[in-house]
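Reviewing the structure listed below.
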Amino acid sequence: MAKLQAFSEFNNIFEKIFMKKILGIGNALVDIVTFIDDEKILEKFSLPKGSMQLVDKTTSLKIREATKKFQSTFAPGGSAANTIYGLAMLGVKTGFLGATGKDETGKLFDSELCKAGVKTFIKKLNNPTGTAISLVTPDSERTFATYLGAAVELSVDDLKKELFSEYDILYLEGYLIYNKDFVVKACSLAKSLKMKVALDLASYNVVNDNIDAFKEVIVNYTDILFANSEEARAYTGKEPEESLKDLSQKCEIAVIKTGANGSLIQSGNKIIKVQPFRVECRDTTGAGDLYAAGFLYGLASDKSLEKCGQYGSYLAAKVIEITGARIESEKWPAIKKTISVL
(Lines give C-alpha, C1' and ligand atoms only; values in the text may rest on other atoms or scores of the structure.)
Protein backbone atom coordinates (compact mmCIF):
# COMPACT_ATOMS: atom_id res chain seq x y z
CA MET A 1 0.00 0.00 0.00
CA ALA A 2 2.84 2.39 0.90
CA LYS A 3 4.56 1.70 -2.44
CA LEU A 4 1.29 2.29 -4.31
CA GLN A 5 0.76 5.61 -2.52
CA ALA A 6 4.35 6.66 -3.21
CA PHE A 7 3.94 5.82 -6.91
CA SER A 8 0.70 7.82 -7.03
CA GLU A 9 2.37 10.85 -5.43
CA PHE A 10 5.32 10.58 -7.83
CA ASN A 11 2.92 10.36 -10.79
CA ASN A 12 1.10 13.50 -9.61
CA ILE A 13 4.39 15.40 -9.30
CA PHE A 14 5.55 14.15 -12.72
CA GLU A 15 2.24 15.21 -14.31
CA LYS A 16 2.40 18.70 -12.80
CA ILE A 17 5.99 19.23 -13.99
CA PHE A 18 5.25 18.24 -17.58
CA MET A 19 1.65 19.47 -17.81
CA LYS A 20 1.19 22.12 -20.48
CA LYS A 21 0.58 25.70 -19.29
CA ILE A 22 -2.41 27.69 -20.56
CA LEU A 23 -2.90 31.43 -21.05
CA GLY A 24 -6.45 32.75 -21.38
CA ILE A 25 -7.53 36.10 -22.80
CA GLY A 26 -11.05 37.39 -22.50
CA ASN A 27 -13.50 39.94 -21.22
CA ALA A 28 -13.14 40.45 -17.46
CA LEU A 29 -16.74 40.59 -16.28
CA VAL A 30 -18.88 40.08 -13.22
CA ASP A 31 -21.87 37.79 -13.80
CA ILE A 32 -25.30 38.78 -12.49
CA VAL A 33 -27.34 35.58 -12.75
CA THR A 34 -31.07 36.36 -12.53
CA PHE A 35 -33.89 33.80 -12.62
CA ILE A 36 -36.90 35.21 -14.48
CA ASP A 37 -40.36 33.60 -14.56
CA ASP A 38 -41.07 33.97 -18.30
CA GLU A 39 -39.65 35.47 -21.50
CA LYS A 40 -41.34 38.89 -21.30
CA ILE A 41 -38.14 40.61 -20.12
CA LEU A 42 -36.28 39.14 -23.11
CA GLU A 43 -38.94 40.49 -25.46
CA LYS A 44 -39.02 43.90 -23.77
CA PHE A 45 -35.30 44.43 -24.28
CA SER A 46 -35.09 42.63 -27.67
CA LEU A 47 -32.83 39.88 -26.34
CA PRO A 48 -33.02 36.72 -28.52
CA LYS A 49 -33.27 33.74 -26.23
CA GLY A 50 -29.99 31.90 -25.74
CA SER A 51 -27.90 34.69 -27.24
CA MET A 52 -25.31 37.13 -25.94
CA GLN A 53 -26.21 40.73 -26.72
CA LEU A 54 -23.90 43.68 -26.11
CA VAL A 55 -25.69 46.55 -24.38
CA ASP A 56 -24.65 49.98 -23.20
CA LYS A 57 -24.45 51.05 -19.57
CA THR A 58 -27.91 52.67 -19.62
CA THR A 59 -29.62 49.55 -20.99
CA SER A 60 -27.76 47.36 -18.51
CA LEU A 61 -29.05 49.47 -15.63
CA LYS A 62 -32.60 49.39 -17.05
CA ILE A 63 -32.49 45.57 -17.24
CA ARG A 64 -31.25 45.37 -13.66
CA GLU A 65 -34.07 47.68 -12.54
CA ALA A 66 -36.67 45.65 -14.45
CA THR A 67 -35.48 42.39 -12.87
CA LYS A 68 -34.81 43.56 -9.31
CA LYS A 69 -37.78 41.57 -7.97
CA PHE A 70 -36.21 38.30 -9.13
CA GLN A 71 -33.58 36.21 -7.37
CA SER A 72 -30.04 37.18 -8.45
CA THR A 73 -26.49 36.17 -7.61
CA PHE A 74 -23.27 38.09 -8.26
CA ALA A 75 -19.97 36.37 -9.05
CA PRO A 76 -16.78 36.96 -11.05
CA GLY A 77 -17.30 35.69 -14.58
CA GLY A 78 -16.32 36.15 -18.20
CA SER A 79 -16.16 33.17 -20.54
CA ALA A 80 -12.39 32.68 -20.82
CA ALA A 81 -11.89 33.59 -17.16
CA ASN A 82 -14.36 30.88 -16.13
CA THR A 83 -12.41 28.33 -18.18
CA ILE A 84 -9.07 29.45 -16.76
CA TYR A 85 -10.48 29.36 -13.22
CA GLY A 86 -11.60 25.76 -13.75
CA LEU A 87 -8.21 24.78 -15.15
CA ALA A 88 -6.43 26.36 -12.20
CA MET A 89 -8.65 24.51 -9.74
CA LEU A 90 -7.66 21.28 -11.49
CA GLY A 91 -4.00 22.12 -10.94
CA VAL A 92 -2.99 23.50 -14.35
CA LYS A 93 -0.54 26.41 -14.43
CA THR A 94 -2.57 29.24 -15.93
CA GLY A 95 -2.51 32.94 -16.73
CA PHE A 96 -5.24 35.42 -17.64
CA LEU A 97 -5.12 38.73 -19.48
CA GLY A 98 -8.06 41.13 -19.17
CA ALA A 99 -9.11 44.66 -18.23
CA THR A 100 -11.24 45.89 -15.31
CA GLY A 101 -12.14 49.17 -13.70
CA LYS A 102 -10.35 50.58 -10.67
CA ASP A 103 -13.36 49.59 -8.56
CA GLU A 104 -14.26 47.04 -5.94
CA THR A 105 -15.83 44.81 -8.58
CA GLY A 106 -12.56 44.76 -10.49
CA LYS A 107 -10.66 43.90 -7.31
CA LEU A 108 -13.06 41.02 -6.68
CA PHE A 109 -12.55 39.69 -10.20
CA ASP A 110 -8.76 39.72 -9.86
CA SER A 111 -8.63 38.34 -6.32
CA GLU A 112 -10.86 35.34 -7.12
CA LEU A 113 -8.57 34.27 -9.97
CA CYS A 114 -5.47 34.80 -7.84
CA LYS A 115 -6.94 32.70 -5.02
CA ALA A 116 -7.43 29.88 -7.53
CA GLY A 117 -3.75 30.08 -8.45
CA VAL A 118 -4.07 31.99 -11.73
CA LYS A 119 -1.27 34.40 -12.66
CA THR A 120 -3.22 37.51 -13.61
CA PHE A 121 -2.31 40.30 -16.01
CA ILE A 122 -5.11 42.78 -15.33
CA LYS A 123 -5.16 46.21 -16.95
CA LYS A 124 -6.82 48.68 -14.53
CA LEU A 125 -8.83 51.48 -16.15
CA ASN A 126 -11.08 54.37 -15.20
CA ASN A 127 -14.21 52.88 -16.81
CA PRO A 128 -16.23 50.55 -14.55
CA THR A 129 -15.74 46.80 -14.60
CA GLY A 130 -18.04 45.13 -17.12
CA THR A 131 -21.10 43.08 -16.19
CA ALA A 132 -22.86 40.17 -17.86
CA ILE A 133 -26.51 39.87 -16.85
CA SER A 134 -27.47 36.24 -17.32
CA LEU A 135 -31.26 35.94 -17.55
CA VAL A 136 -32.28 32.35 -16.82
CA THR A 137 -35.73 31.26 -18.00
CA PRO A 138 -37.70 28.40 -16.35
CA ASP A 139 -36.25 25.91 -18.87
CA SER A 140 -32.75 26.75 -17.48
CA GLU A 141 -31.68 28.45 -20.74
CA ARG A 142 -29.61 31.58 -20.24
CA THR A 143 -29.58 34.80 -22.25
CA PHE A 144 -26.83 37.36 -21.74
CA ALA A 145 -27.06 41.16 -21.78
CA THR A 146 -23.43 42.22 -21.54
CA TYR A 147 -22.06 45.66 -20.76
CA LEU A 148 -18.34 45.37 -21.44
CA GLY A 149 -17.22 48.49 -19.58
CA ALA A 150 -13.46 48.47 -19.08
CA ALA A 151 -13.11 45.00 -20.66
CA VAL A 152 -13.41 46.44 -24.16
CA GLU A 153 -10.30 48.59 -23.72
CA LEU A 154 -7.73 45.84 -24.23
CA SER A 155 -5.59 46.78 -27.23
CA VAL A 156 -2.85 45.29 -29.37
CA ASP A 157 -0.36 47.32 -27.32
CA ASP A 158 -1.21 45.14 -24.31
CA LEU A 159 0.05 42.03 -26.12
CA LYS A 160 3.73 41.46 -25.34
CA LYS A 161 5.77 38.47 -26.46
CA GLU A 162 7.19 37.97 -22.96
CA LEU A 163 3.62 37.55 -21.65
CA PHE A 164 3.10 34.53 -23.90
CA SER A 165 6.56 32.97 -23.55
CA GLU A 166 5.91 30.75 -20.52
CA TYR A 167 2.73 29.14 -21.89
CA ASP A 168 2.00 26.27 -24.29
CA ILE A 169 -1.65 26.90 -25.19
CA LEU A 170 -3.52 30.17 -25.84
CA TYR A 171 -7.24 30.06 -25.08
CA LEU A 172 -9.45 32.79 -26.55
CA GLU A 173 -13.14 33.47 -26.11
CA GLY A 174 -15.01 34.30 -29.29
CA TYR A 175 -16.50 37.45 -27.78
CA LEU A 176 -13.14 39.13 -28.48
CA ILE A 177 -13.75 38.89 -32.23
CA TYR A 178 -15.33 42.35 -32.26
CA ASN A 179 -11.71 43.52 -31.95
CA LYS A 180 -10.34 41.37 -34.77
CA ASP A 181 -6.96 43.12 -34.91
CA PHE A 182 -6.41 42.26 -31.25
CA VAL A 183 -7.32 38.60 -31.82
CA VAL A 184 -5.08 38.31 -34.88
CA LYS A 185 -2.14 39.86 -33.03
CA ALA A 186 -2.63 37.49 -30.06
CA CYS A 187 -2.80 34.47 -32.37
CA SER A 188 0.24 35.62 -34.35
CA LEU A 189 2.31 36.00 -31.18
CA ALA A 190 1.20 32.58 -29.98
CA LYS A 191 2.13 30.94 -33.27
CA SER A 192 5.53 32.65 -33.28
CA LEU A 193 6.20 30.87 -29.97
CA LYS A 194 4.91 27.48 -31.21
CA MET A 195 1.84 27.65 -28.96
CA LYS A 196 -1.41 25.90 -29.79
CA VAL A 197 -4.41 28.23 -30.22
CA ALA A 198 -7.80 27.19 -28.81
CA LEU A 199 -10.91 29.23 -29.65
CA ASP A 200 -14.48 29.06 -28.44
CA LEU A 201 -17.10 30.50 -30.82
CA ALA A 202 -18.96 32.20 -27.93
CA SER A 203 -22.54 32.66 -29.19
CA TYR A 204 -24.48 32.05 -32.41
CA ASN A 205 -25.32 35.72 -32.87
CA VAL A 206 -21.66 36.68 -32.40
CA VAL A 207 -20.79 34.21 -35.17
CA ASN A 208 -23.53 35.62 -37.42
CA ASP A 209 -22.28 39.17 -36.88
CA ASN A 210 -18.61 38.34 -37.45
CA ILE A 211 -18.55 35.38 -39.83
CA ASP A 212 -15.74 36.69 -42.05
CA ALA A 213 -13.52 37.58 -39.10
CA PHE A 214 -14.05 34.13 -37.58
CA LYS A 215 -13.21 32.45 -40.88
CA GLU A 216 -9.90 34.31 -41.03
CA VAL A 217 -8.95 33.44 -37.45
CA ILE A 218 -10.06 29.80 -37.67
CA VAL A 219 -8.43 29.01 -41.01
CA ASN A 220 -5.15 30.81 -40.32
CA TYR A 221 -4.55 30.28 -36.62
CA THR A 222 -6.89 27.93 -34.76
CA ASP A 223 -5.75 24.44 -33.67
CA ILE A 224 -8.59 23.57 -31.26
CA LEU A 225 -12.11 24.83 -31.90
CA PHE A 226 -15.09 24.68 -29.53
CA ALA A 227 -18.66 25.36 -30.65
CA ASN A 228 -22.15 24.40 -29.59
CA SER A 229 -24.74 23.22 -32.10
CA GLU A 230 -26.17 26.69 -32.76
CA GLU A 231 -22.74 28.28 -33.18
CA ALA A 232 -21.63 25.52 -35.52
CA ARG A 233 -24.84 25.95 -37.53
CA ALA A 234 -24.27 29.71 -37.72
CA TYR A 235 -20.76 29.10 -39.07
CA THR A 236 -21.43 26.24 -41.49
CA GLY A 237 -25.19 26.29 -42.09
CA LYS A 238 -25.27 22.58 -41.23
CA GLU A 239 -26.37 20.26 -38.43
CA PRO A 240 -23.79 19.01 -35.86
CA GLU A 241 -22.50 15.90 -37.63
CA GLU A 242 -21.96 17.68 -40.94
CA SER A 243 -20.65 20.81 -39.18
CA LEU A 244 -18.08 18.66 -37.42
CA LYS A 245 -16.72 17.40 -40.74
CA ASP A 246 -16.41 20.93 -42.08
CA LEU A 247 -14.79 22.40 -38.98
CA SER A 248 -12.35 19.52 -38.55
CA GLN A 249 -10.92 20.27 -41.99
CA LYS A 250 -9.98 23.77 -40.81
CA CYS A 251 -8.25 22.90 -37.54
CA GLU A 252 -6.48 20.09 -35.71
CA ILE A 253 -9.32 19.31 -33.27
CA ALA A 254 -12.98 20.31 -33.62
CA VAL A 255 -15.44 19.96 -30.74
CA ILE A 256 -19.19 20.45 -31.01
CA LYS A 257 -21.19 20.50 -27.78
CA THR A 258 -24.71 19.19 -28.28
CA GLY A 259 -26.21 19.87 -24.84
CA ALA A 260 -28.17 16.96 -23.40
CA ASN A 261 -26.91 14.77 -26.26
CA GLY A 262 -23.26 15.10 -25.20
CA SER A 263 -20.53 16.22 -27.55
CA LEU A 264 -18.78 15.32 -30.80
CA ILE A 265 -15.03 15.47 -31.38
CA GLN A 266 -13.10 15.04 -34.62
CA SER A 267 -9.39 15.07 -35.33
CA GLY A 268 -8.41 14.00 -38.83
CA ASN A 269 -10.60 11.05 -39.71
CA LYS A 270 -11.19 10.07 -36.08
CA ILE A 271 -14.68 10.90 -34.77
CA ILE A 272 -15.62 10.48 -31.12
CA LYS A 273 -19.07 10.75 -29.53
CA VAL A 274 -19.01 11.62 -25.82
CA GLN A 275 -22.04 10.80 -23.71
CA PRO A 276 -23.31 13.42 -21.23
CA PHE A 277 -23.39 12.94 -17.47
CA ARG A 278 -27.02 12.97 -16.35
CA VAL A 279 -27.72 15.56 -13.65
CA GLU A 280 -30.55 17.86 -12.61
CA CYS A 281 -30.01 21.11 -14.49
CA ARG A 282 -30.32 24.28 -12.43
CA ASP A 283 -28.67 26.85 -14.72
CA THR A 284 -26.71 26.33 -17.96
CA THR A 285 -24.50 29.39 -17.35
CA GLY A 286 -20.86 28.32 -17.69
CA ALA A 287 -21.54 24.88 -19.18
CA GLY A 288 -19.47 25.56 -22.30
CA ASP A 289 -16.75 27.31 -20.30
CA LEU A 290 -16.31 24.39 -17.93
CA TYR A 291 -16.49 21.87 -20.78
CA ALA A 292 -13.52 23.69 -22.31
CA ALA A 293 -11.73 23.60 -18.94
CA GLY A 294 -12.12 19.84 -18.66
CA PHE A 295 -11.16 19.23 -22.28
CA LEU A 296 -8.07 21.45 -22.10
CA TYR A 297 -7.07 19.86 -18.80
CA GLY A 298 -7.01 16.55 -20.64
CA LEU A 299 -4.93 18.00 -23.47
CA ALA A 300 -2.54 19.63 -21.00
CA SER A 301 -2.08 16.22 -19.39
CA ASP A 302 -1.59 14.44 -22.74
CA LYS A 303 -4.74 12.36 -22.34
CA SER A 304 -6.64 10.79 -25.23
CA LEU A 305 -9.37 12.77 -26.98
CA GLU A 306 -11.92 10.39 -25.46
CA LYS A 307 -10.67 11.29 -21.97
CA CYS A 308 -10.60 15.00 -22.83
CA GLY A 309 -14.25 14.81 -23.86
CA GLN A 310 -15.22 12.89 -20.73
CA TYR A 311 -13.50 15.45 -18.50
CA GLY A 312 -15.27 18.26 -20.33
CA SER A 313 -18.64 16.55 -20.10
CA TYR A 314 -18.20 15.90 -16.38
CA LEU A 315 -17.27 19.49 -15.53
CA ALA A 316 -20.16 20.81 -17.64
CA ALA A 317 -22.51 18.54 -15.69
CA LYS A 318 -21.16 19.75 -12.35
CA VAL A 319 -21.59 23.45 -13.19
CA ILE A 320 -25.18 23.18 -14.47
CA GLU A 321 -26.17 21.71 -11.10
CA ILE A 322 -25.49 25.08 -9.47
CA THR A 323 -26.27 28.75 -10.04
CA GLY A 324 -23.59 30.63 -11.96
CA ALA A 325 -20.39 29.65 -13.74
CA ARG A 326 -17.97 29.14 -10.84
CA ILE A 327 -18.03 25.90 -8.86
CA GLU A 328 -17.30 26.51 -5.16
CA SER A 329 -13.71 25.81 -4.11
CA GLU A 330 -14.71 23.20 -1.53
CA LYS A 331 -16.21 21.00 -4.27
CA TRP A 332 -13.05 20.76 -6.35
CA PRO A 333 -11.19 18.07 -4.35
CA ALA A 334 -14.05 15.63 -4.98
CA ILE A 335 -14.22 16.70 -8.65
CA LYS A 336 -10.50 16.08 -9.10
CA LYS A 337 -10.82 12.68 -7.44
CA THR A 338 -13.64 11.67 -9.80
CA ILE A 339 -11.75 12.90 -12.87
CA SER A 340 -8.71 10.87 -11.84
CA VAL A 341 -10.69 7.63 -12.21
CA LEU A 342 -12.78 8.45 -15.30
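All values below were derived from every heavy atom in this structure, side-chain atoms included, with hydrogens, water molecules and symmetry-related copies excluded.
To the nearest 0.5 Å, atom CG of residue N126 and atom NZ of residue K102 are 4.5 Å apart. Here the straight-line distance linking atom CD1 of I63 with atom OG1 of T34 works out to 10.0 Å at 0.5 Å rounding. From I133, atom CD1 reaches atom CZ of F74 across 8.5 Å, with rounding to the nearest 0.5 Å. Distance check: I327 CD1 to L315 CG gives 6.0 Å after rounding to the nearest 0.5 Å. Atom CD1 of I271 sits about 6.0 Å away from atom NZ of K245, to the nearest 0.5 Å. Within the model, atoms CG of L135 and OG1 of T67 stand 6.5 Å from one another, a figure rounded to the nearest 0.5 Å.
In this structure, L42 and I36 have side chains that are in contact, with non-hydrogen atoms separated by less than 4.5 Å. Taking the side chain as every heavy atom from C-beta outward, T222 and K250 never approach each other to under 4.5 Å. Residues T146 and T131 have side chains not in contact (no heavy-atom distance under 4.5 Å, counting atoms from C-beta outward).
No side-chain donor from either of T129 and T105 sits under 3.5 Å from a side-chain acceptor of the other. At a cut-off of 3.5 Å, with distance as the only test, a side-chain donor of T137 or D139 sits close to an acceptor on the other residue. Judged by distance alone, the side chains of R233 and S243 never bring a donor and an acceptor atom under 3.5 Å apart. Looking at S140 and D283, their side chains never bring a donor and an acceptor atom within 3.5 Å of each other. T73 and T323 are not linked by any side-chain donor-acceptor pair at a separation below 3.5 angstrom, with hydrogens and angles left out of the test. A donor-acceptor pair shorter than 3.5 Å cannot be found between the side chains of S313 and Y291.
Each of N179, N127, T100 was scored for a side chain to side chain donor-acceptor pair (under 3.5 Å) with E153, with one residue passing: N127. For the pairing with E166, the salt bridge (Lys or Arg N to Asp or Glu O under 4.0 Å) check across K93, K20, K119, K161 returns one residue only, K119.
Among residues two or more places apart in sequence or in another chain, the salt bridge (Lys or Arg N to Asp or Glu O under 4.0 Å) test is passed with E330 by none. When the side-chain contact (heavy atoms from CB on, under 4.5 Å) test is applied to K185, the partners found at least two apart in sequence or on another chain are V156, L159, L189. Listed by chain and residue number, nothing satisfies the salt bridge (Lys or Arg N to Asp or Glu O under 4.0 Å) test with K215 (two or more places apart in sequence, or in another chain). Under the side-chain contact (heavy atoms from CB on, under 4.5 Å) criterion, I320 pairs with V279, C281, A287, not counting sequence neighbours. For the side-chain contact (heavy atoms from CB on, under 4.5 Å) test, residues two or more places apart in sequence or in another chain that qualify with V207 are L201, I211, F214, E231, A234, Y235.
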TODO: Could you walk me through whether K68 and E65 pass the salt bridge (charged side-chain N to carboxylate O under 4.0 Å, His left out) test, one step at a time?
DONE: CA-CA 5 Å; K68 65 182 181 180; E65 177 65 24; 2.7 Å; yes
TODO: Could you please spell out the steps behind the side-chain contact (heavy atoms from CB on, under 4.5 Å) verdict for V217 and L199?
DONE: CA-CA 9 Å; V217 172; L199 172 70; 4.2 Å; yes
Open item on the list: Go through it in stages, so that I can follow the logic: the residues are L148 and Y178, the test is side-chain contact (heavy atoms from CB on, under 4.5 Å), and I'd like the CA-CA distance, side-chain angles, deciding distance and then a yes or no.
Closed with: CA-CA 12 Å; L148 292 173; Y178 289 102; 6.0 Å; no
Task: Evaluation steps, salt bridge (charged side-chain N to carboxylate O under 4.0 Å, His left out), between K123 and D158 - done: CA-CA 8 Å; K123 185 179 181 180; D158 299 314; 3.0 Å; yes
- [ ] Could you walk me through whether L170 and I25 pass side-chain contact (heavy atoms from CB on, under 4.5 Å), step by step?
- [x] CA-CA 8 Å; L170 172 65; I25 305 179; 3.8 Å; yes
TODO: Give the intermediate values and the outcome of side-chain hydrogen bond (donor to acceptor under 3.5 Å, both in side chains) for residues N82 and S79.
DONE: CA-CA 5 Å; N82 292 334; S79 180; 5.9 Å; no
- [ ] Could you walk me through whether V197 and K191 pass the side-chain contact (heavy atoms from CB on, under 4.5 Å) test, one step at a time?
- [x] CA-CA 8 Å; V197 174; K191 288 298 184 180; 4.1 Å; yes
- [ ] Begin with the C-alpha distance, continue with both residues' side-chain angles, and end with the deciding distance and a verdict on salt bridge (charged side-chain N to carboxylate O under 4.0 Å, His left out) for K257 and E230.
- [x] CA-CA 9 Å; K257 299 159 288 182; E230 291 180 326; over 6 Å; no
Open item on the list: Walk me through whether D110 and T120 qualify under side-chain hydrogen bond (donor to acceptor under 3.5 Å, both in side chains).
Closed with: CA-CA 7 Å; D110 193 7; T120 59; 2.8 Å; yes
Task: Evaluation steps, side-chain hydrogen bond (donor to acceptor under 3.5 Å, both in side chains), between S203 and Y175 - done: CA-CA 8 Å; S203 178; Y175 298 119; 5.1 Å; no
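At a threshold of 4.5 Å between side-chain heavy atoms, the hydrophobic network of Ile, Leu, Val, Met, Phe, Trp and Tyr places I253 and V274 in one connected group. Residues M89 and V118 are members of one and the same hydrophobic cluster, defined by side-chain heavy-atom contacts under 4.5 angstrom among Ile, Leu, Val, Met, Phe, Trp and Tyr. A single hydrophobic cluster is not seen to contain both F295 and I256; linkage of ILVMFWY side chains at heavy-atom distances under 4.5 Å, directly or through other members, places them apart. A continuous path of Ile, Leu, Val, Met, Phe, Trp and Tyr side chains, each step under 4.5 Å between heavy atoms, connects L29 with F182, placing both in one hydrophobic cluster. Residues M52 and V33 do not share a hydrophobic cluster, defined by chaining ILVMFWY side chains whose heavy atoms lie under 4.5 Å apart.
Dense packing is recorded around CG of D37, with more than 12 heavy atoms of other residues, nucleotides or ligands lying under 6.0 Å away. Around the NZ atom of K273, the shell of radius 6.0 Å holds more than 12 heavy atoms that belong to other residues, nucleotides or ligands. Counting non-hydrogen atoms of other residues, nucleotides and ligands closer than 6.0 Å to NZ of K62 gives a total of 12 or fewer. Around the CD atom of E280, the shell of radius 6.0 Å holds no more than 12 heavy atoms that belong to other residues, nucleotides or ligands.
Side-chain atoms of D31 never come within 3.5 Å of backbone atoms of P76 as a donor-acceptor pair (strictly under, hydrogens ignored). Between the side chain of S267 and the backbone N or O of E252, at least one donor-acceptor pair lies under 3.5 Å. Side-chain atoms of K160 come within 3.5 Å of backbone N or O of D157 as a donor-acceptor pair.
Between F277 and Y314, the ring center distance clears the sub-6.0 Å criterion.
Annotation: cation-pi geometry satisfied between R282 and F35 (NZ/CZ under 6.0 angstrom from ring centroid, within 45° of ring axis).
Salt bridge E328/K318: absent, no basic N to carboxylate O contact under 4.0 Å.
The list of ring pair (Phe, Tyr, Trp, His ring centres under 6.0 Å) pairs with a residue in residues 82-120, not counting sequence neighbours, reads F96-F109.
In this pair, Y297 and Y311 present their aromatic rings tilted. The plane angle is within the 30 to 60° band.
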